[in-house]
Amino acid sequence: MLDQKALRQDPESIAERLAYRGHDFDAGHYGALESQRRELQSRTESLQHERNERSRAIGQAKKAGEDIQPLLDEVASLGEALKAAEADLDAVQSSLREIHLGLPNLPHESVPPGDDESANIQIRRWGEPPEFDFRPRDHVELGEALGNGLDFAAGAKLSGSRFVVMRDGVARLHRALAQFMLDVHTVEHGYRETAVPYLVGEEALIGTGQLPKFAQDLFAIENFEPRLHLIPTAEVPLTNLAAGEIIDAEHLPLGYVSHTPCFRSEAGSYGRDTRGMIRQHQFDKVELVQLTRPDDSYAALERLTGHAEQILRRLGLSYRVVTLCGGDMGFAAAKTYDIEVWLPGQDAYREISSCSNTEAFQARRMQARWRNPDTGRPEPLHTLNGSALAVGRCLVAVLENYQQADGRVVIPEVLRPYMAGAEWLAP
RNA sequence: GGAGAGGUGGCAGAGUGGUCGAAUGCGGCGGACUUGAAAUCCGUUGAGUCCUCACGGGCUCCGGGGGUUCGAAUCCCUCCCUCUCCGCCA
């Protein structure tokens, strides 16, 4: 949600900034609605005021033993007028709320212009793609060769396309990756390990921005009230832990890390990444969330992105970091860095992490505030989130980058303690 | 799943349908006293929103939603949550 004061004061310049990220905002229509709201609200409130005054007078008259009938007659018509005014106001306010919940965040001034990913800017690259003196295989082939360690047919048998079954060393490697990430982020980066529900209510999804606009991307639970959805990312439960809270300044920044499965319907991506486990309906992810003071959030974004990069460095996987352009950013983000890891099977860098500063956008939606010592008042804090990392894609990266000519996969040093010391996976 | 109890301000805990946004205690903040601290005393201390340049004022909020009433924390309906007991269960 955008700052409503700014929206009211200068809808034109908001529209301009939204256009930067490809969103069309009708400032004129908004202004008209807003002035309607203003008028209806003051009318309603003055009627309420009158009702309160009269009721008070009736109370006093009754206490004094006077005849209150004449007073009752006076207010007879008030009720209906109030009810009508309230109904009108409600209608306008709910259209305004619909607009507010549907507007994406404003891009930060450092966000490059552009309509799609072709306009994203690489800001650094780390490591070199490995060179093979044989034709590198992709993870689908490798996983199959490893004793059906990755079994897409089995996944499909159980649940349809975009599901996978993992076995033996591959399953363990997947687990080892998640454990390793959690250990680094808790012990070295200071995040608080947090286990969260995988089903969340609609309020939480509105809070982080998945609802009301992106319901089609979520899995919903049918036979349960109130309505629950499977989390598309741990960002939803983790960030919403702050919903409705007022946090003391000295507790900030707060950092949470959580390893969860994530569930996405992938509606509208039917043709994309159909092979392998790049795009699944269910995948594991280790997620970082930070709550910060507003003046610290961009420094925090750099730190958080660095935490995600640290995992790839220790795994010895080449990657690059790109700044997303205005048109490629997610709904809630003011600025996003994507981290892309080298995948030999695709001969390309592919997204393995996305780190965003949403500024106060989510905080306003969920009323997550801090007490600003300068003003003494509760003000929206800033929220950030980032994958660190997507575990499934990371597994793909390890398999493909560490493959040998004979089909074995070398296990990166840092993972061996989690693999009972094993040095490789063998077919 | 069955039976019962309850959800009020940071916490604890009152609240006959009528100046109740809410007593009181604790906590917090400010001040007095003190060499300092404790103790004591005095004052202060919820959130949201609207109008206003401001001063200030209005409105809303006692788990959520709806209703009755001139007027609801208080009455009615409904949903949610918590606790106790029984059953079932990883």
Side-chain angles (χ1 to χ4, degrees), chain A residues 1-11 30-97 99-101 195-207 211 221 223-229 237 240-252 254 360 362-381:
Chain A
M1 209 148 65
L2 302 180
D3 178 23
Q4 283 176 45
K5 277 201 184 91
L7 212 42
R8 273 199 287 270
Q9 274 163 12
D10 196 358
Y30 183 82
L33 259 185
E34 179 51 30
S35 72
Q36 243 184 76
R37 189 228 89 225
R38 179 182 313 220
E39 190 193 317
L40 284 169
Q41 181 163 343
S42 72
R43 188 200 305 167
T44 304
E45 289 185 356
S46 75
L47 284 169
Q48 287 173 325
H49 180 60
E50 190 179 344
R51 176 204 60 196
N52 291 345
E53 295 280 282
R54 304 250 182 169
S55 295
R56 199 167 300 170
I58 291 173
Q60 279 168 346
K62 198 173 177 186
K63 204 171 191 177
E66 296 165 16
D67 179 16
I68 58 172
Q69 193 54 48
L71 292 172
L72 288 180
D73 294 341
E74 276 177 40
V75 285
S77 61
L78 229 178
E80 266 178 52
L82 218 194
K83 209 167 245 179
E86 280 173 339
D88 291 349
L89 178 62
D90 273 0
V92 172
Q93 269 179 333
S94 67
S95 347
L96 279 169
R97 180 172 161 78
I99 292 172
H100 291 146
L101 290 178
V196 293
Y198 304 154
L199 291 169
V200 294
E202 296 191 335
E203 278 304 305
L205 289 157
I206 290 170
L211 290 181
I221 304 301
N223 62 336
F224 195 84
E225 285 297 321
R227 193 58 168 269
L228 294 174
H229 291 78
N240 276 286
L241 285 172
E245 302 289 332
I246 300 172
I247 296 170
D248 287 337
E250 64 261 30
H251 292 143
L252 297 176
L254 286 171
Q362 294 178 326
R364 281 192 211 98
R365 292 180 154 235
M366 65 178 74
Q367 296 233 73
R369 293 165 292 170
W370 70 304
R371 194 167 297 274
N372 183 347
D374 294 337
T375 62
R377 306 202 55 79
E379 296 170 11
L381 43 75

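Excluded from the calculations below are hydrogen atoms, water molecules and symmetry mates; all remaining heavy atoms, backbone and side chain alike, are included. Quick note on labels: first sequence line is chain A, next is B, and so on, each numbered from 1.
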* Are any non-hydrogen side-chain atoms of A:Leu101 and A:Met1 less than 4.5 angstrom apart? -> yes
* Can you tell me how far C1' in B:G17 sits from the matching atom in B:G71, rounded to whole Å? -> 8 Å
* To do: Could you work out which one of B:U49, B:C51, B:G48 sits closest to the side chain of A:Arg37?
  => B:C51
* To do: With a 3.5 angstrom cut-off on both distances, give the Watson-Crick or G-U wobble partner of B:U84, or none if there isn't one.
  => B:A3
* Does a side-chain N or O from A:Arg54 land closer than 4.0 Å to OP1 or OP2 of B:G18, or not? -> no
* Please say whether more than 12 non-hydrogen atoms of neighbouring residues, nucleotides or ligands are located less than 6.0 Å from CZ in A:Arg97. => no
* B:C26 and B:A14, which share atom name C1', separated by this distance in whole Å -> 15 Å
* Asked: Choosing from B:C50, B:C70, B:U19, which nucleotide comes nearest the side chain of A:Arg56?
  -> B:U19
* Asked: What pair of heavy atoms forms the shortest contact from A:Arg365 to A:Ile206, and how long is it?
  -> NH1-O, 2.7 Å
* Asked: Between B:C29 and B:U84, how far is it from one P atom to the other, in whole Å?
  -> 35 Å
* Structure fact -> Among B:U68, B:U60, B:G48, the one nearest any side-chain atom of A:Lys83 is B:U68
* Closer to the 5' end of RNA chain B via nearest nucleotide, is it A:Gln48 or A:Gly79? -> A:Gln48
* Write down the distance between CG (A:Asn52) and C1' (B:C61), rounded to a whole number of angstrom. => 13 Å
* Once you round it to whole Å, what is the distance between P of B:C53 and NZ of A:Lys5? -> 14 Å
* For atom CD of A:Gln9 and atom C1' of B:U52, their distance in whole Å -> 13 Å
* Using the P atom in both, what is the distance from B:U40 to B:G58, to the nearest Å? -> 38 Å
* To do: Could you pull out the closest heavy-atom pair between A:Val92 and A:Leu33, with the gap in Å?
  => CG1-O, 3.8 Å
* Asked: Applying a 3.5 Å limit to both distances, which nucleotide forms a Watson-Crick or G-U wobble pair with B:C75?
  -> B:G67
* Asked: For atom C1', what is the distance between B:A38 and B:U49, given to the nearest Å?
  -> 44 Å
* Asked: When you compare B:A73 with B:G6, how far apart are their C1' atoms, in angstrom units rounded to a whole number?
  -> 15 Å
* To do: State whether the number of non-hydrogen atoms from other residues, nucleotides or ligands found under 6.0 Å of A:Glu203 atom CD is greater than 12.
  => no
* Out of B:C50, B:G18, B:G48, whichever nucleotide has its closest atom nearest the side chain of A:Arg369 -> B:G48
* When rounded to the nearest Å, what value does the distance between C1' atoms of B:G15 and B:A22 take? -> 8 Å
* Between B:C80 (P) and A:Arg227 (CZ): distance, integer Å -> 16 Å
* Which atom pair, heavy atoms only, marks the closest approach of A:Arg369 to A:Gly244? -> NH2-O, 4.4 Å
* Rounded off to whole Å, could you give me the CD-to-C1' distance for the A:Gln367 and B:A47 pair? => 8 Å
* Per A:His49 side chain, nearest of listed nucleotides B:G58, B:G48, B:C70 -> B:G58
* To do: For nucleotides B:U82 and B:U68, find the distance between their P atoms and express it as a whole number of Å.
  => 31 Å
* More than 12 heavy atoms of other residues, nucleotides or ligands under 6.0 Å from CD of A:Glu80: is that the case? -> no
* Whom does B:G25 pair with, Watson-Crick or G-U wobble, provided both distances fall under 3.5 Å? -> B:C11
* B:G48, B:G58, B:U60: which one has an atom nearest the side-chain heavy atoms of A:Arg51? -> B:U60
* To do: In whole angstrom, give the distance that lies between atom CZ of A:Arg364 and atom P of B:U49.
  => 11 Å
* Structure fact -> Any strand, both distances under 3.5 Å, Watson-Crick or G-U wobble: B:G46 pairs with B:C61
* Structure fact -> RNA chain B nearest-nucleotide lookup for A:Glu34 and A:Glu53: closer to the 5′ end is A:Glu34
* Minimum-distance nucleotide to A:Glu45 side chain [options: B:U60, B:A47, B:C50] -> B:C50
* Report which part of the nucleic acid A:Arg43 touches: base, sugar-phosphate, or nothing (heavy-atom distance under 4.0 Å, all strands). => nothing
* Asked: Considering only side-chain heavy atoms of A:Ile58, which listed nucleotide, B:C70, B:A47, B:G58, is closest?
  -> B:C70
* Whole-Å distance between B:C51 P and A:Gln36 CD? -> 15 Å
* Structure fact -> A:Glu80 CD to B:U69 C1', in whole Å, measures 15 Å
* If you check the A:Arg38 side chain, which of B:G58, B:G18, B:C51 turns out closest? -> B:C51
